[in-house]
Amino acid sequence: MASPIRAYLNDLLNDVRQIEGGEVATYIPELAKANPASLAIAITALDGKTYAVGDADLPFTIQSVSKPFLYGLALQEYGRETVLKHVGVEPTGDAFNSTVMDEVNNRPFNPMVNAGAIAVTALVKGESYAARRQSVLDLLSRFAGRKLKFDEAVFRSERDTGARNRVIASIMSQAEMISGDADQILDLYFSQCSVLVSVRDLAAMAATLANGGINPLTGQRALAAEYVHDVLTVMHSCGMYNYAGQWSYEVGIPAKSGVSGSIAAIVPGQIGISAYSPPLDRFGNSIRAIAACKRIVADFGLHAFRSAPQSSAAIRGEASALSVRSKRARTASEREVLAREGARIGLLEAQGALFFGAAERLVRRIDEVLPQVDWLVVDMRRVYDIDLAACTMLARTYAASRKGALIFANARDPLREALSSMAAPNTLFADRDAALEYCENALIATDGAHTGASRLSLKSIDLFAGSSAGDLQALERLAKPFSFEAGQHLVREGEVGRLFFVIAQGAASVQLNLAGARTVRVATIGAGGCVGEMALLDGSPRSADVIADGRVIAYGFSIEEMMALSETHPRLLLTIFANLSRDFAERLRAANNEIRSLGN
Ligand code: GLN
């Protein structure tokens, strides 16, 4: 199937091609050679997938689009404070090549206009001019994800005719805004402007900024994450020169244009966009490239401040232990406690990206539910991202909560770290099941029901409930004592079942083996529960592993001997089968309830 995005971009290309007007830049003579009809658009996703249409591989010089990347380098090398001494962050409202400076602070207004960019270029580190030139090329190549080259003809052309930039540099030299050899600084600046790129490259460079500084094509970091938003902010307010305000208003995403006719624009966290067409408007911005960006942003609603509300979706579902249980198999008396008192264990399932707005909803709901329950499990399994604000709020909620009441399952590392200094031992559980099991045990313990005490009497085993004294005596004669250490198998998947066990002490987990050596616990069976009883029903091999959690004392019964009992004690097997069926029915109902209250 043809990609709908590619098809969209092709349609867009045809529409934009109809737009007339503009002049190709001629003040750098080499640029005047550009074909005004050339046109290309590209989008790069954050996994590196690039959609490119038109003259997508046509090389052109990067010009001013290099400025944000060099600004990023300066921030990374010197830090914010030092860089701010050399260049401000105020929009000028003046042309890109204006000689107006911020005289109060004795610095150019911002790094997106020529003066500011020259001040930034003056900060490039390197032993020699050649080393600095190489380091500029390496920087831009890191962003593009491939080795870029200079267009030496354009470089020479601009050096020979760059009178305006020489004026700017000499004003800054005189005012001591830049130090060192001004001609050499200008040569480096002209070099950076003469690096050859295509829209593919610019889309990748933009996507690197959208991706927190990591190039999506190479996986390599091009800029330290902490400076990405500085660069984007300045692009947003100053990237389109004296059209920047209107651009923010109409298009509303950080972008940078250059006189060769290109624009690189960023939708943070989503995509990098680039468009190229040489004819420029009076601000020096490409007319068709602006139109293309405008359309993409309008068609897909990408304006930075056009955010859709998503906070209310922070809570996916709510339940209690009345409907959702751990996979721990429970005896009849334990089940009775859970059915009666289950509302005392609450469950909140969080979802999505937890940033400030979403986390506010979640902590507000936690505060509402917490007083109504003894334990509240907050399951974070479906939270795919959690930011600093969310961690801080959840940590504060935890700190203010009743001791032992608030429990997290599947918490991600940032939250674990935020809680690490204060989390009590039973606060963070690897999964919901383990958290619920802990709460159920605590609830059953407060209710006085026995959770794991040794029980020798077969009468109290649910599977045998209702059997006559005579039948029980016959059973007792068949019981053989077994003991297992932690990690030992009571039952092994795939084996033929000859025994089934009644657990007298300890607990064992039923484990399924999944593809790729992964395992999943489907149940835990404690004292009074049975293991391997399915072998009584059909002769099929064991359906799962059952492994002792700790030391387990169990009674083993031979299936063959049990079956033989039907000759002398016909009611016994009937009772056992009736109990087994009831147990299956209950488990099925529990599964239905869980699906009903939380979905999948
Ligand atoms: N090299 C060009 C100059 O300094 C870059 C300007 C631009 O792209 N707007 O004039």
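For this chain, numbers begin at 1 and follow the sequence in order. Only a predicted model underlies this, so the values are computations on that prediction, with no experimental measurement involved. Note that ligands are numbered from 1 as they come in the structure, with each ligand's atoms numbered from 1 the same way. What you see below is based on every heavy atom in this structure, not just the backbone, and it leaves out hydrogens, waters and symmetry mates.
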K.L.:
Taking 4.0 Å as the limit for heavy-atom contacts, which would you say applies to E158 with ligand 1: side chain only, backbone only, both, or neither?
P.N.:
side chain
K.L.:
With Y241, which of F109, F283, F96 fulfils ring pair (Phe, Tyr, Trp, His ring centres under 6.0 Å)?
P.N.:
F96
K.L.:
State whether F69 and K67 meet the cation-pi test: NZ (Lys) or CZ (Arg) under 6.0 Å from the six-membered ring centroid, and within 45° of the perpendicular axis.
P.N.:
no
K.L.:
Looking only at heavy atoms, is any part of N165 under 4.0 Å from ligand 1, and if so is it the side chain, the backbone, or both, or is it neither?
P.N.:
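N165 to ligand 1: side-chain contact only, backbone stays beyond 4.0 Å.
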K.L.:
Within 45 degrees of the axis of the six-membered ring of Y51 and under 6.0 Å from its centre: does R200 put its NZ or CZ there?
P.N.:
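Relative to the ring axis of Y51, which defines the angle, R200 lies outside at least one limit.
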K.L.:
Based purely on interatomic distance, does V259 place a nitrogen or oxygen under 3.5 Å from a nitrogen or oxygen of ligand 1?
P.N.:
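Checking ligand 1 against V259, an N or O pair does fall under 3.5 Å apart.
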K.L.:
Could you tell me, atom by atom, which parts of ligand 1 come under 4.0 Å of a heavy atom of Y27?
P.N.:
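Near Y27, meaning under 4.0 Å from one of its heavy atoms, ligand 1 has 2 (C), 3 (C), 6 (C), 10 (O).
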K.L.:
I need the nearest protein heavy-atom contact for atom 9 (N) of ligand 1: residue, atom name and distance, please.
P.N.:
Y241 OH, 2.7 Å
K.L.:
Is there a polar contact, in the sense of an N or O pair closer than 3.5 Å, between K67 and ligand 1?
P.N.:
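Min N/O separation from ligand 1 is not below 3.5 Å for K67.
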K.L.:
Decide if the gap between the ring center of F429 and the ring center of F408 is smaller than 6.0 angstrom.
P.N.:
no
K.L.:
Between Y129 and D181, do the side chains contain an N or O donor and an N or O acceptor separated by less than 3.5 Å?
P.N.:
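Distance-only check fails for Y129 and D181.
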K.L.:
Show the nearest heavy-atom pair for residues Q184 and R132, with the distance to one decimal.
P.N.:
OE1-NH2, 2.9 Å
K.L.:
Taking the ring centre of each residue, are Y243 and Y249 less than 6.0 Å apart?
P.N.:
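Between Y249 and Y243, which both carry aromatic rings, the centre distance is not below 6.0 Å.
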K.L.:
Counting heavy atoms only, which part of S64 comes closer than 4.0 Å to ligand 1: side chain, backbone, both or neither?
P.N.:
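Both backbone and side chain.
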K.L.:
Short list, please: which atoms of ligand 1 are under 4.0 Å from a heavy atom of G258?
P.N.:
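Checking each atom against G258, I get 8 (O).
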K.L.:
Under a 4.0 angstrom heavy-atom cut-off, which atoms of ligand 1 come close to C193?
P.N.:
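By the 4.0 Å cutoff, the relevant atoms are 1 (N).
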K.L.:
Measure the distance from atom 4 (O) of ligand 1 to every protein heavy atom, then report the residue, atom name and distance (to 0.1 Å) of the closest one.
P.N.:
Y189 OH, 2.6 Å
K.L.:
Using distance alone, decide if ligand 1 has a nitrogen or oxygen within less than 3.5 Å of any nitrogen or oxygen in N114.
P.N.:
yes
K.L.:
Can you sort out which atoms of ligand 1 are near F96, meaning under 4.0 Å from one of its heavy atoms?
P.N.:
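Checking each atom against F96, I get 6 (C), 9 (N), 10 (O).
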K.L.:
Can you tell me if S38 and Y276 form a side-chain donor-acceptor pair at under 3.5 Å?
P.N.:
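Judged by distance alone, the side chains do not pair up.
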